[in-house]
Each structure stands twice: as C-alpha cells, then as structure tokens.
2 protein chains.
Amino acid sequence: MDPDGTLAFASHDHAACRDGALAHAEAVAEAKGLRLTPVRRRALEILLESHQALGAYDVLDRLAEEGFGRQPPVAYRALEFLVEHGFAHRIRRLNAFAACMHPGEAHVPVFLICSACNGLAEAPGAAVAASLRQAAGPLGFRVERMSIEAVGLCPACQGGSE
Amino acid sequence: MDPDGTLAFASHDHAACRDGALAHAEAVAEAKGLRLTPVRRRALEILLESHQALGAYDVLDRLAEEGFGRQPPVAYRALEFLVEHGFAHRIRRLNAFAACMHPGEAHVPVFLICSACNGLAEAPGAAVAASLRQAAGPLGFRVERMSIEAVGLCPACQGGSE
DNA sequence: TCTTGACTAGTTATCTTATAACATATTCCT
DNA sequence: AGGAATATGTTATAAGATAACTAGTCAAGA
Ligand SMILES: [Zn+2]
Ligand SMILES: [Zn+2]
Ligand SMILES: [Zn+2]
Ligand SMILES: [Zn+2]
C-alpha cells in the first residue's frame, strides 16, 4: 500500500490512500475476529484523514462532535485498541497517534516527523531495528519493543527560507 | 567513562561512576563557559544518583526539599538546561530525564529501558543512527534529531520468573 | 427463556506532565 | 555605577492520561 513510506511526503491521491488503508484494516480486523466498532472505526478514519499525528484530545473533539462520548477515556480507549492491534501507532515524541500505513504486516516503523509542516511518514525500519538489537546485545539486554523517531525536514519543507 | 554503556546494568562502583560523570560535566561546562549554577548542578546530581530516569516532578520534589523553589518551572528549567547542553537526556517514552553518561562527547544515545527494574542504559548508537539516516534518505527527509529507545529486560531481570 | 460473563461505552473525578506570563534577583560587561 | 542579559522565583493554567464506577450489548450455556 505504501511499502517504502514515500507516500506521506509526496503528493498523491489521498482519498484512495485513506480508503485503501481503511479497507485493509477492516480486512485484518475481520480476519482476526477483532471488533472494529463504530467509535474505533471512526477514530481510525479520523487518523487517516491526514499524514499527521493527532493528539488524543483532537480525536476526542472530533468524536464528540459526531455524537460519541465527550470524555477522555472515549478517545483513549479507542486509540488504545487501535494501537494494541496494529491499526495505529503512538508517536511518543509528539504525545500523539497516527494511523498505521501497514496494518496487519509485522513491521518496525521508523517515524519521520517534519518540524515545519507536521507531516509524518512511516519508513521501513527492519534494518534500524536490527542495528538496535546489535547495539543492545553487548549489554545483555533483551529488546521487546522499540520506538524510533526522527525529527527533521520533509522534502517539501527543505526549500528556501530555513 | 562508560564508552560501551555496559555499566548501568552491571554492578559497579557507582559512587565513582557518579562522581566521575559530575566532574566530567563540570569540566565541560567550564570549558564551554556554561553556568552550572546550584539548582542545575543539584538537578544533575539528583539524576546521577541512579541509572534510572526521573520525572521532572521527582526532581522538583528533591530540589524543593533542599531549599530551591517548589514550582514546576524550577525543575523544568534546570532540566532543560541540562538537556540542551548535553548533560542529560530526555527519555520520551517515560516522560522523564536521565543524566548523560558521556557529556561533552558527540553521540547518539540508544536508550535501553528495563521494564522490570526501571534501569536505564545508554548504548552507543552511531550505527543505529546511520541506518536510520539510510532509512530516511529514500524519502528525501533530512534528519535533524532522533530518539531511539527500546524497552525490554536487562540482564539481571531476565532470570527465572518472567 | 433466562441468566451469566465478557466486552464495550459512557460517566465523574483526579492525576500527571508541561508551559505561559510575570516579578525579582543576579551576573557580566562597559 | 548603569544597563543588558541571564537566572530564579512565583501564580496560574494548559495539555495529556488514567482510575473507578455505571450501564448497555450480546452470545453461550443452564
Ligand atoms: Zn495519503
Ligand atoms: Zn505501521
Ligand atoms: Zn553507575
Ligand atoms: Zn548521553
């Protein structure tokens, strides 16, 4: 769907991009017997609207506007479900959440965060993960989860004035 | 001082470890003309007491007990100074801060966080950083800062019961 | 059918983390 | 000494996250 992560920073047919990711997620949920309930589904759709990370309260506002509950746990629970099952990722550096571009596929994402436009891309991180494990090995540390995030400038924002 | 990051998870003379790091930081501050004032110095000492990350409010409590201000900005400002000048690191995953084990040396730290004992080690991340840049390259993304953190089990916590 | 248990979604209340804005004091340089 | 820059302190508030409880849904089994 976006195997190399190049989509987010390139101009593309985002309606198709969004719909594809959603359909993909639905198929995965179906296959795994997970209940993609209305709030959860809507939360995912909201995250899929842009290639940016959204704070839990941003998502909550949107959900509340649409008739779902207006209290923080509503958003946090939906997001927790999405993250737990691989439909979304949590971006620690931003205290925010973003839809996963590869739901259902095992992958270690590398997040590239543009400090100018807030764009977020999910690059393939297998090699980075391997080298992280190599770094941890000599210390006898057993890696279970990792977060790999970079802040910088996306191609579009590297232009003139910075 | 701990070039390979093995110290944190191994039993060692921590008094010497702490004093060495502090002395090193002082030398760096001196050389760079930075003012390691009493609050800042004390905040660093507090971080150096253990190989764990501390929340800003934990540091604040300690500072307040010792006669410094009791309001959040007191801790946040001291910590911001330490991070900005490379005497400490911010651990995003934990919303916490830890003393840097290599102040004054350019380095990309890889943080290894033990989920059982909260121990924190700072492994050398040059290779990981390089592979991250390689992952970002094809997207045309210019990396400026990165955070690389892993959660797992340190050698001591891999024992029997988990 | 009715009950029980698992799960979902809603609420109130509270906690933790972080920053804005302003006042005072200190330090550094001329 | 005077003035600029830096540092420390305050109050108040914003932003992010969770605990604890209540109630609705739904399917399996008595
Ligand atoms: Zn898109
Ligand atoms: Zn993903
Ligand atoms: Zn030590
Ligand atoms: Zn360091």
Side-chain angles (χ1 to χ4, degrees), chain A residues 26 29-30 32-47 52-85 87-98 113 118 147 149 151, chain B residues 26 29-30 32-47 52-85 87-98 113 118 147 149 151:
Chain A
E26 280 179 325
E30 170 72 29
K32 291 198 193 171
L34 298 172
R35 297 176 50 190
L36 198 53
T37 60
V39 226
R40 292 168 177 176
R41 194 193 138 105
R42 195 68 195 99
L44 179 55
E45 287 173 4
I46 290 167
L47 292 181
Q52 297 193 351
L54 285 183
Y57 280 76
D58 297 327
V59 173
L60 177 59
D61 288 345
R62 297 287 310 276
L63 291 173
E65 278 172 15
E66 299 174 27
F68 296 100
R70 356 187 96 278
Q71 306 307 323
V74 169
Y76 279 101
R77 281 197 289 235
L79 293 167
E80 179 185 40
F81 170 90
L82 295 174
V83 169
E84 190 174 333
H85 296 99
F87 302 121
H89 296 290
R90 184 165 196 160
I91 316 299
R92 321 277 336 189
R93 233 182 136 105
L94 302 174
N95 293 324
F97 300 82
I113 304 162
N118 292 309
S147 39
E149 304 172 357
V151 175
Chain B
E26 280 179 324
E30 170 71 30
K32 290 197 193 169
L34 299 171
R35 296 173 54 190
L36 196 54
T37 60
V39 227
R40 292 168 176 175
R41 194 194 139 106
R42 194 68 196 101
L44 179 55
E45 288 173 3
I46 290 167
L47 292 181
Q52 299 193 348
L54 285 183
Y57 282 76
D58 295 328
V59 173
L60 177 59
D61 287 347
R62 297 287 310 277
L63 291 173
E65 280 172 13
E66 300 174 24
F68 297 100
R70 359 188 94 272
Q71 307 307 324
V74 169
Y76 279 100
R77 282 198 288 237
L79 292 166
E80 179 184 40
F81 170 90
L82 295 174
V83 169
E84 190 175 332
H85 296 99
F87 302 121
H89 296 290
R90 185 166 196 159
I91 316 299
R92 317 293 317 199
R93 240 186 130 101
L94 302 175
N95 293 323
F97 300 82
I113 304 162
N118 292 121
S147 40
E149 303 171 358
V151 174

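Residue numbers begin at 1 in each chain, while the letters A, B, ... track the order of the sequences.
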Below 4.0 Å: OP1/OP2 of [N] and any side-chain N or O of [X]:
X: Arg42(A); N: dA9(C); result: no
X: Tyr76(A); N: dA17(D); result: yes
X: Asn95(A); N: dA15(D); result: no
X: Arg77(A); N: dA17(D); result: no

- [ ] Give a yes/no verdict on base stacking between dT17(C) and Tyr57(B): centres under 5.5 Å, planes within less than 30° of parallel.
- [x]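 It does: the ring sits over the base of dT17(C).
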
Identify the pairs formed between an N or O of the protein and an N or O of nucleotides 24-26 of chain C at a distance under 3.5 Å, and give each distance.
none

Specify the separation, in whole Å, of atom [atom1] of [X] and atom [atom2] of [N].
X: Asp58(B); N: dC15(C); atom1: CG; atom2: C1'; result: 14 Å
X: Leu34(B); N: dT27(C); atom1: CG; atom2: P; result: 17 Å
X: Leu94(B); N: dG16(D); atom1: CG; atom2: P; result: 18 Å
X: Leu60(B); N: dT10(D); atom1: CG; atom2: P; result: 9 Å
X: Phe81(A); N: dA6(C); atom1: CZ; atom2: P; result: 19 Å
X: Arg93(A); N: dT17(C); atom1: CZ; atom2: C1'; result: 17 Å
X: Leu63(B); N: dG9(D); atom1: CG; atom2: P; result: 9 Å
X: Arg92(A); N: dG16(D); atom1: CZ; atom2: C1'; result: 12 Å

Which pairs of donor and acceptor atoms, one on a side chain in residues 58-65 of chain B, lie under 3.5 Å apart (sequence neighbours left out)?
residue  : atom : partner  : partner atom : Å
Asp58(B) : OD2  : Gly55(B) : N            : 3.2
Arg62(B) : NH1  : Glu49(B) : OE1          : 2.9
Arg62(B) : NH2  : Glu49(B) : OE2          : 3.1

Side chains of [X] and [Y] in contact at under 4.5 Å (non-hydrogen atoms):
X: Asn118(B); Y: Leu94(B); result: no
X: Phe81(A); Y: Thr37(A); result: no
X: Leu54(B); Y: Ile91(B); result: no

Open item on the list: From the set dA9(C), dT8(D), dA18(C), return the single nucleotide nearest to any side-chain atom of Val39(B).
Closed with: dT8(D)

Open item on the list: Give me the atom names and distance for the closest heavy-atom approach of Ala96(A) to Ala53(A).
Closed with: CB-CB, 3.6 Å

Open item on the list: Could you report the tightest heavy-atom contact between Phe87(A) and Leu44(A), atom names first, then the distance?
Closed with: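 For Phe87(A) and Leu44(A), the tightest heavy-atom pair comes out as O-CD1, 3.6 Å.
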
Task: Distance in Å, His85(A) NE2 paired with Arg40(A) CZ, rounded so as to fall on 0.5 Å steps - done: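 That separation rounds to 8.0 Å.
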
Task: Check: Glu149(B) side chain, Arg92(B) main-chain N or O, donor-acceptor pair, under 3.5 Å - done: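 Looks like yes, one N/O pair under 3.5 Å.
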
- [ ] Inspect the contact between Arg77(A) and Glu80(A) and indicate whether a charged nitrogen and a carboxylate oxygen are less than 4.0 angstrom apart.
- [x]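 No, this pair does not count.
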
TODO: Can you sort out which residues in residues 64-75 of chain B have a heavy atom within less than 4.0 Å of DNA chain C? Ascending by number, please.
DONE: Pro72(B), Pro73(B)

